[in-house]
2 protein chains.
Amino acid sequence: MAGLNERKQKILHAVVTDYIQTAEPVGSRTISRHYQIDLSAATIRNEMADLEELGYLTQPHTSAGRIPSQQGYRFYVDALMDATGLAREEEEYLTRFFMQLEKMREIDQIVQQTARALSVITRYTSLVLAPQIKQSAFKQMRLVPMENGKALVVLITDTGYIRNKVIEMPKALNQKEIDFIVAYLNKELSGQTIATLTAARLRKLRSDLYLHTDILNSMLTMLEQCAQNPENRVFLGGTSNILNQPEFKDVEKLKHLLTLFEEGERLTLLLETSMDGLSIRIGTENVLAEMKDCSLITASYSLHGRPLGTIGVLGPTRMEYARVITIIEEISQRLNKLIATL
Amino acid sequence: MAGLNERKQKILHAVVTDYIQTAEPVGSRTISRHYQIDLSAATIRNEMADLEELGYLTQPHTSAGRIPSQQGYRFYVDALMDATGLAREEEEYLTRFFMQLEKMREIDQIVQQTARALSVITRYTSLVLAPQIKQSAFKQMRLVPMENGKALVVLITDTGYIRNKVIEMPKALNQKEIDFIVAYLNKELSGQTIATLTAARLRKLRSDLYLHTDILNSMLTMLEQCAQNPENRVFLGGTSNILNQPEFKDVEKLKHLLTLFEEGERLTLLLETSMDGLSIRIGTENVLAEMKDCSLITASYSLHGRPLGTIGVLGPTRMEYARVITIIEEISQRLNKLIATL
DNA sequence: TTTAGCACTCTCGGCAGGTGAGTGCTAAAG
DNA sequence: CTTTAGCACTCACCTGCCGAGAGTGCTAAA
């Protein structure tokens with residue numbers, strides 16, 4: 001498998017690079033002229049025939065140039081690709097962008113804006129997965145009395161979520177009682193994730209606060225809803241960018257992708273399976289059939305080492321891997337820093 | 001202009017109906033056979049030639065059938081179209097959907113879900129404009145002290161927005177002072193829209209509460225942000241539905257539309273100009289150049305007679321006008337009722 | 001082992017011819 | 001005067017064909 005001598009690697013590198021730029025099958029002549037490989041077209045032809053037999057290249061038809069196969073891209077990404085830095089204008093754009101972002105305190109907005117920036121800067125479609133409320137830790141919970149027997153429950157998590165819910169307040173409570181309940185809940189729950197609210201734990205809370213069962217129930221209902229309701233956590237950016245790729249001039253393919261983009265649950269699942277560091281899925285390495293002609297590059301972002309969500313870029317298999325990887329890693333790092341300050 | 005005798009109207013009606021269904025140019029034979037018009041194809045041909053000369057029909061090329069012109073659709077919508085009721089399954093779907101919706105109390109979610117339902121049921125792309133915070137009236141404002149010198153401002157509007165902002169609390173205030181400030185603000189502002197907060201009004205508030213300038217400033221900052229920050233208020237549903245329309249098999253057209261879909265500000269502007277009852281814009285009647293081959297049907301929804309936002313359906317000019325209009329009117333009415341209960 | 005040369009293959013664009021749907025016009029029928 | 005049948009005509013679309021061009025594989029020489 002790794003049995004590619006240096007010359008073959010050079011040629012494969014040239015083919016991939018060229019094809020990524022032009023989207024046209026690459027011929028032997030092109031390579032011998034445009035790349036620093038001092039070999040004649042004929043020699044390169046022989047090598048390319050070998051590379052095809054080994055599975056790294058394919059021919060769309062007999063008398064066309066070669067294009068990288070999925071295996072070819074994989075080898076390129078694993079062994080050949082040269083790391084690139086951020087371009088200066090990219091760097092500046094990001095700095096400006098994150099300065100804007102610091103003003104926002106709510107994670108929803110941050111995530112949505114990140115998706116936008118990611119697609120603008122890469123010129124591909126971006127997918128961003130927001131943190132799961134369920135896996136977020138309590139920071140604070142508050143109860144705000146309102147008029148006509150209602151009250152507002154406010155929940156703030158360490159991941160930057162602020163969630164409100166209006167509840168009925170079964171009987172009038174004075175401020176002292178409210179303070180007591182809230183203080184108790186905060187003491188008990190602070191720092192724990194919502195998912196750890198097991199039935200046993202709930203029983204304990206209920207018995208500790210047996211004097212205020214009604215109001216406690218209402219507040220806990222909100223938590224349960226947060227734990228159960230799987231709200232849409234995926235944000236897209238630059239959907240129209242796929243139309244710039246010649247491989248998607250076919251309307252049928254497009255339809256499959258655009259339809260997928262509207263299926264929040266499946267996208268969530270997809271991104272949840274990529275929560276560990278950088279991941280590159282090429283073509284059929286993607287589980288979703290709709291993405292068999294695409295590559296997806298993802299990186300996770302985290303708070304205190306705990307992974308919260310994923311940012312990703314989707315493009316054709318003919319993607320500018322090196323550039324996108326650099327950008328994604330940069331953004332995920334900056335996002336980490338930002339979230340730590342929430 | 002209105003000089004169409006009954007026979008011509010019947011024929012125009014038949015052409016539009018047929019073309020809406022098939023998307024193929026309609027020939028004279030088709031009409032004479034499939035519609036209750038007891039005329040030979042030849043007669044219909046003559047009438048169709050007249051209709052073309054009058055501008056209601058066009059021919060894609062000399063020896064093809066006729067398709068309605070923009071003017072043809074306009075006449076159809078204004079005079080010919082027969083009103084249809086909701087299909088039973090549509091009715092059932094809507095009832096079920098709005099029962100779900102009643103559980104949600106926040107307007108953002110309601111609006112987003114409405115966009116989804118609208119696109120599912122019409123099988124076109126839907127656009128929904130959420131109420132403007134600025135034009136919403138205060139219901140309540142609250143200040144919740146938090147640890148380490150911070151506090152949470154909560155704003156609730158009559159349109160169902162709940163907005164939070166964490167602010168610095170300049171000096172420690174006791175509960176009594178907080179209660180006083182909040183009570184005063186609520187008394188002063190209740191029932192008024194945020195946009196009415198003129199400079200003069202703000203001055204009065206500041207002088208009335210001169211003892212608490214710092215905290216007041218922080219709270220008012222939030223209101224100013226609500227008034228200024230034009231957040232994205234447009235929600236889309238069923239974007240991929242445009243791909244089912246044969247008129248959009250051309251990737252270039254698609255690109256223009258999809259790009260437009262990402263431009264929130266322009267969409268907002270578009271929908272804001274349709275805030276009065278039902279509106280039907282056919283082809284170039286739409287201001288946006290990207291929509292010159294589309295029709296947009298919109299209806300506004302309101303609270304106590306005050307229009308809050310718009311729901312709309314976007315399709316090709318060859319749209320099922322009657323069906324879509326019925327659905328849009330139904331949904332906007334149900335939405336009105338729902339919002340009144342918030 | 002590399003390279004030059006050459007025949008071969010395949011795509012693509014343009015062109016010709018046939019087909020079919022639908023028209024406009026004319027003249028006869030009502 | 002209106003309607004209808006008939007017929008020639010037009011145009012899109014499909015098919016097959018041809019030549020050009022790009023690129024290959026193979027062979028034989030360097």
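Keep in mind it's a predicted model, so treat the numbers as computed, not measured. FYI, side chains are in, hydrogens and waters are out, and symmetry mates aren't considered; it's all heavy atoms of this structure.
One interatomic measurement links the two molecules: CE of Met48(B) to P of dC25(C), which rounds to 15 Å at whole-angstrom precision. Across the protein-nucleic acid pair, Arg29(A) atom CZ and dG5(C) atom C1' stand 14 Å apart, rounded to whole Å. Put simply, CG on Leu57(B) is 14 Å from C1' on dG22(C), counting in whole angstrom units. If you take CZ of Arg66(B) and P of dC11(D), they are 14 Å apart, rounded to a whole angstrom. A straight line from CD of Glu52(B) to P of dG22(C) spans 15 Å, rounded to a whole angstrom. A straight line from CD of Glu53(A) to P of dT24(D) spans 16 Å, rounded to a whole angstrom. One can place CZ of Arg33(B) at 12 Å from C1' of dG22(C), the figure rounded to the nearest angstrom. The distance between atom NE2 of His61(B) and atom C1' of dC13(D), rounded to the nearest whole Å, is 9 Å.
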Criterion salt bridge (Lys or Arg N to Asp or Glu O under 4.0 Å) on Glu262(B) and Arg116(A), from CA distance to verdict:
CA-CA 10 Å; Glu262(B) 292 175 16; Arg116(A) 188 178 181 76; 5.7 Å; no
Salt bridge (Lys or Arg N to Asp or Glu O under 4.0 Å) evaluation trace for Arg266(B) with Glu290(B)
CA-CA 11 Å; Arg266(B) 292 180 68 206; Glu290(B) 290 92 334; 2.8 Å; yes
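One finds no side-chain N or O of Arg7(A) lying less than 4.0 angstrom from the OP1 or OP2 phosphate oxygen of dT1(C). Taking only side-chain nitrogens and oxygens, Thr62(B) never comes nearer than 4.0 Å to OP1 or OP2 of dG22(C). The shortest distance between the side-chain N/O atoms of Arg45(B) and the OP1/OP2 oxygens of dA5(D) is not below 4.0 Å.
Looking at Tyr321(A) and Ile282(A), their side chains come closer than 4.5 Å, going by heavy atoms from C-beta outward. A 4.5 Å side-chain heavy-atom check between Thr298(A) and Ile328(A) finds every atom pair outside the cut-off.
Across dG24(C), dA5(D), dA4(C), the shortest atom-to-atom separation from the side chain of Ser40(B) is found for dA5(D).
Remark on DNA chain D: of its neighbouring residues Ala41(B) and Pro60(B), the 5'-side contact belongs to Ala41(B), judged by nearest-heavy-atom nucleotide. Projected onto DNA chain D by closest heavy-atom contact, Asn46(A) and Thr43(B) fall at different nucleotides, the more 5' of which corresponds to Thr43(B).
The partner of dA30(D), taking Watson-Crick or G-U wobble pairs whose two distances both stay under 3.5 Å, is dT1(C).
Contact annotation for Ala42(A): base contact, defined as any heavy-atom pair under 4.0 Å involving a base atom.
Between the side chain of Ser63(B) and the base of dT10(D), at least one donor-acceptor pair of N or O atoms lies under 3.5 Å.
Within 6.0 Å of CG in Asp78(B) there are more than 12 heavy atoms belonging to other residues, nucleotides or ligands.
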